[in-house]
Structures are given as C-alpha cells and as structure tokens.
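Written out below as structure tokens is the structure these notes cover.
Labels below follow one simple rule: chain letters A, B, ... track the order of the sequence lines, proteins then strands, and each chain is numbered from 1.
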Number of protein chains: 2
Amino acid sequence: MADTHKTKQSDTKTRILDEAEKLFAQNGFKNTSISLLARKAHVNQAAVNYHFGSKGALVEQVISRRISPIDRQRMANLQAIEETATRQGRPPAIEDLLRAYIEPAFILTETAPGEKWFLVIAGRAFSEPDETIRNVFIRHFEPAFLLLVALMKEALPGLSDAVLRWRLHFVLGALSHAMRLCGSHRLPVASAPPPDTTETVVRHLVAFLATGMDAPDDAEHE
Amino acid sequence: MADTHKTKQSDTKTRILDEAEKLFAQNGFKNTSISLLARKAHVNQAAVNYHFGSKGALVEQVISRRISPIDRQRMANLQAIEETATRQGRPPAIEDLLRAYIEPAFILTETAPGEKWFLVIAGRAFSEPDETIRNVFIRHFEPAFLLLVALMKEALPGLSDAVLRWRLHFVLGALSHAMRLCGSHRLPVASAPPPDTTETVVRHLVAFLATGMDAPDDAEHE
DNA sequence: GTCTATAGATTGATAGAC
DNA sequence: GTCTATCAATCTATAGAC
C-alpha cells in the first residue's frame with residue numbers, strides 16, 4: 001500500500017512528539033536540546049528538523065496536539081451547560097461551570113502511560129518566560145476561558161466585574177498548580193498532597209473553587 | 001575612608017543584582033545571558049563572575065536577597081497569631097492566617113521602583129524546570145509553609161489531612177498566579193483583571209481563599 | 001576591581017551523499 | 001526519509017595585563 005511511507009513517517013513523527021513532550025515536561029523547553037531529544041527518541045538529529053522545520057515549530061506541535069482536544073471538550077461542556085440554562089430559564093450552577101472547564105485537562109491526559117507529562121507542560125503555561133510560547137497557550141485557551149467568564153457572570157450576577165475576573169484568575173492559578181502536581185511525582189514542597197485519583201483531585205478543586213467564587217464581595221470595605 | 005572600595009564594590013554588586021532581577025523576570029533564568037546582563041548593568045562581563053563566582057550563584061543571590069525578608073515576616077506574622085491564639089485559648093482565624101502568609105510577598109516587593117520584578121520571579125517558583133533553582137525556593141519557603149499548615153490544622157480541625165493539604169496547595173497556586181499578574185503588566189490571557197492596588201489584590205485573595213478553605217469536606221461523596 | 005581576549009563546550013540548523 | 005559532517009552563533013568561565 002501507499003501507506004508504507006506514511007506510516008513510517010507517522011511513526012517517527014509520533015515518536016519525536018512523545019519524547020519531546022516528556023523531555024519538555026522534565027526539563028523545560030529551553031533546557032531540552034535537539035540532540036538529546038534525537039538520542040532519546042532513537043532518531044537522527046537531522047530528522048527532527050526535517051519533520052518539524054525548527055525547534056519552535058516542534059514546541060508548537062507538542063502543545064497544540066494535546067491542547068486542541070482539551071479545548072474542544074471545554075467548549076462543548078460549557079455550551080451544553082449554556083443550553084440547559086437557557087432552556088430552563090435559570091442561571092448555570094457555579095460547580096457545573098468549573099467542572100466543565102477543569103475536568104477535560106485531567107481526563108484527556110489520562111491515556112498516556114506513566115506520568116502525565118502534558119499536565120506539567122500546560123501547568124507552566126502562564127509562567128513561561130518566552131512570550132512566543134506563552135502566546136501559543138493563550139491562543140488556544142482564550143475562547144473557552146472567555147465563555148467561562150461570560151457564563152460565570154450569569155451565575156454570579158451580584159459580583160462586580162473586577163472581582164469576578166480576579167477570582168477566575170485565582171481559579172486559573174490553583175488549576176495550573178494542581179495540574180503540575182498531578183502530572184509529576186516530584187514534590188514541589190514539603191507537605192505535598194498525597195497522590196490521588198484524577199476524579200478525587202478534580203472534586204477537591206471544584207469544591208474549593210466554587211465556594212471561593214461564591215464568597216461575599218468585600219467591596220464595601222474600601 | 002576605607003569605605004571607598006567597599007562602596008564601589010557594593011554599588012557594582014547591587015547594580016548587577018538589580019538588573020539581573022529585572023532580566024530574570026522578563027526572560028527567565030536560562031534565557032538571560034551574562035553578556036546581556038553585563039551590558040544592561042553597564043559593567044564588564046568578567047565582573048559578574050568576579051563578584052558572584054558563577055551564574056548559578058548569582059541566581060541564588062537574586063532569589064535569597066528578596067525571599068529572606070519575606071520569609072522572616074511570614075514567620076513573625078504567623079508566630080504572633082499563634083501566640084494570640086494560645087493566650088486566648090481558641091483557634092486562629094482562617095483569614096488572619098492567610099493574610100499573614102500572603103501579605104509579606106506583596107508588601108516587601110513594593111519598594112522597588114516601576115514593575116515589581118521579583119513578584120514575577122517568585123510567582124514562577126513552582127514552575128521552574130531546573131530542579132536546582134526550584135530547590136532554592138523550596139528551601140526558603142518551607143519553614144513558613146509548614147507553620148501555616150500546622151496552624152491551619154488548628155483552625156480547621158474537622159478537615160481531613162489530605163483535603164487540608166490539597167487546599168493549601170490551591171492557595172499556593174492562586175497566590176503564585178496573582179503574584180505574576182501583579183508583578184508584570186503583560187496580560188497573560190484575555191479578560192485579565194484590572195490593575196489594582198496591592199492591598200486590594202490581597203483582600204480579594206484572602207476573601208476568596210478563606211472561603212474556599214472553609215468549604216464543607218466532600219469526602220462522603222466517595 | 002576592572003578590563004581584553006579567548007578557551008572550551010553546546011546549541012540550532014543545513015548541505016549533500018545515499 | 002535518513003544519514004554524516006559541519007557551520008555559525010552563543011554561552012559560561014577563566015587567564016592575565018593593568
């Protein structure tokens with residue numbers, strides 16, 4: 001079949017992507033060299049540039065390969081909630097919105113064997129010093145996050161715009177940190193939380209964050 | 001006076017530290033070269049290694065210079081709360097504990113002119129891919145965080161150990177993200193929160209996190 | 001303490017044979 | 001598509017004059 005070449009290429013590309021994901025998670029983008037990646041992936045050094053053009057393009061593909069499904073699932077979840085809310089004529093529930101946004105990141109990275117490397121990579125998105133790379137994440141994250149903001153506004157009509165946006169960024173911060181913790185076994189500090197199933201972590205996150213979102217606005221203290 | 005040399009040295013060292021802090025915040029540790037740093041700080045390239053020995057040692061000093069006062073203030077705040085609680089024979093308040101831990105990071109970085117670069121650096125602590133650097137942060141953060149854990153246990157005796165530690169890590173995540181947002185004017189995503197005074201951000205953080213810490217434990221759902 | 005000059009290693013990317 | 005060989009740039013660190 002004509003697939004012979006395609007399969008061969010596909011295997012090599014996939015092997016490079018998988019190994020790059022692992023090394024990027026372990027050592028960061030800048031600290032991972034093409035030569036080390038080629039060695040670990042059992043491919044020739046020149047093959048990496050042949051298949052991806054440049055290191056920057058490789059980074060972009062490693063990220064978008066996993067983020068795209070996560071983002072689609074987030075949008076689908078949020079839109080389903082939006083439709084239900086419209087049909088029932090009442091605002092969506094805070095817990096439902098948070099779970100709709102949070103869960104896909106954990107579920108869709110669960111398939112990979114061993115450590116969930118992409119959780120570590122995505123958990124570093126907002127800390128990435130390289131603006132080009134940071135923008136890759138932002139471009140993917142933006143639509144679903146904006147929809148989350150809009151729906152959360154319906155769920156919490158009494159909250160001021162500024163407070164709502166600060167709180168949703170606290171959500172992003174807690175989520176990012178939890179993703180890094182779940183993706184790697186390295187302890188970031190003493191007294192790290194115990195290893196837990198994905199569902200347990202998501203439930204802890206949602207319970208904590210939903211209560212925080214619903215806290216009384218303290219604007220009157222100013 | 002014999003201070004002439006000392007002052008000269010001190011000026012150079014301080015100028016290097018200040019410029020390094022800014023560049024590390026803007027571009028990360030790995031992406032900041034000694035030659036660029038020397039150029040921006042108006043010192044000779046060899047002077048950097050003369051004063052600090054190596055790049056790694058410079059990184060360590062940039063971090064510890066700011067973290068040490070923050071850590072001391074955190075410990076002092078928490079110990080004061082502990083004493084008051086002991087004297088009054090009742091557990092400390094969640095809000096007080098969180099504010100005691102959170103506030104020093106924002107207050108003690110406020111003195112620097114312009115952008116608060118160290119907030120960006122410290123906000124990336126748990127995302128740092130280089131284990132050596134990550135351990136510098138952890139070594140400094142550990143004592144105050146452990147004390148926070150212990151006191152929070154007294155404030156929330158009904159919470160299981162696992163849930164308490166997960167929630168305190170959600171606190172660390174939200175705090176880190178807020179620090180990055182406050183330290184830099186770059187928008188990490190659309191719908192970023194508005195620029196606010198330090199005190200306002202701290203109050204938003206404490207209100208959100210204290211309510212989350214106090215959420216009912218959902219362990220019975222398992 | 002500050003400078004010039006440079007060693008020594010590593011990097012991303014490419015040219016060209018097969 | 002895969003290989004070897006190599007280029008050009010960049011980096012940290014140091015040696016040695018002043």
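Protein atom CG of A:Asn44 is 14 Å distant from nucleotide atom C1' of C:dA15, rounded to whole Å. To the nearest angstrom, P of D:dT12 lies 15 Å from CZ of B:Phe52. Atom-to-atom, CG of A:Asn27 to P of C:dT10 comes out at 15 Å; the value is rounded to the nearest Å. Rounded to whole Å, atom P of C:dG8 lies 20 Å from atom CD1 of B:Ile34. Rounded to whole angstrom, the span from the CG atom of B:Leu36 across to the P atom of D:dT12 amounts to 10 Å. Between A:Lys55 atom NZ and C:dA13 atom C1' there is a gap of 12 Å when expressed in whole angstrom units. At whole-Å resolution of the value, NZ in A:Lys30 and C1' in D:dT10 are 9 Å apart. As rounded to whole Å, 12 Å separates atom P of D:dA13 from atom CG of B:Leu37.
Closest contact between the side chain of A:Asn49 and the listed nucleotides C:dT14, D:dA13, C:dT2 involves C:dT14. The side chain of A:His51 lies closest to D:dG1 when the candidates are C:dT14, C:dT11, D:dG1. Taking only side-chain atoms of A:Gln45, from C-beta outward, the nucleotide of D:dC3, C:dA13, D:dA13 with the closest atom is C:dA13. For B:Thr12, the listed nucleotide lying nearest its side chain is C:dT2; candidates were C:dT2, D:dA13, D:dT4. Considering only side-chain atoms of B:Tyr50, the nucleotide from D:dA13, C:dG12, C:dT2 that sits closest is C:dT2.
Look at A:Ser33 and you won't find any side-chain N or O under 4.0 angstrom from OP1 or OP2 of C:dT10. For D:dT12, the OP1/OP2 oxygens have no side-chain nitrogen or oxygen of B:Ser54 closer than 4.0 Å.
Here the side chain of B:Arg74 pairs no donor or acceptor atom with the backbone of B:Ala105 at under 3.5 angstrom. B:Arg15 contributes a side-chain N or O that, together with a main-chain N or O of B:Ala41, makes up a donor-acceptor pair within less than 3.5 Å. When atom types are taken as modelled, the side chain of B:Thr109 and the backbone of B:Phe106 share a donor-acceptor pair closer than 3.5 angstrom.
Across all strands shown, A:Ala46 has heavy atoms under 4.0 Å from base atoms, whether or not it also approaches the sugar-phosphate.
The aromatic rings of A:Phe208 and B:Phe208 stand perpendicular to each other, their planes meeting at an angle above 60°, with 30° marking the opposite boundary.
No close placement of the A:His177 and A:Phe126 rings is indicated, their centers lying 6.0 Å or farther apart.
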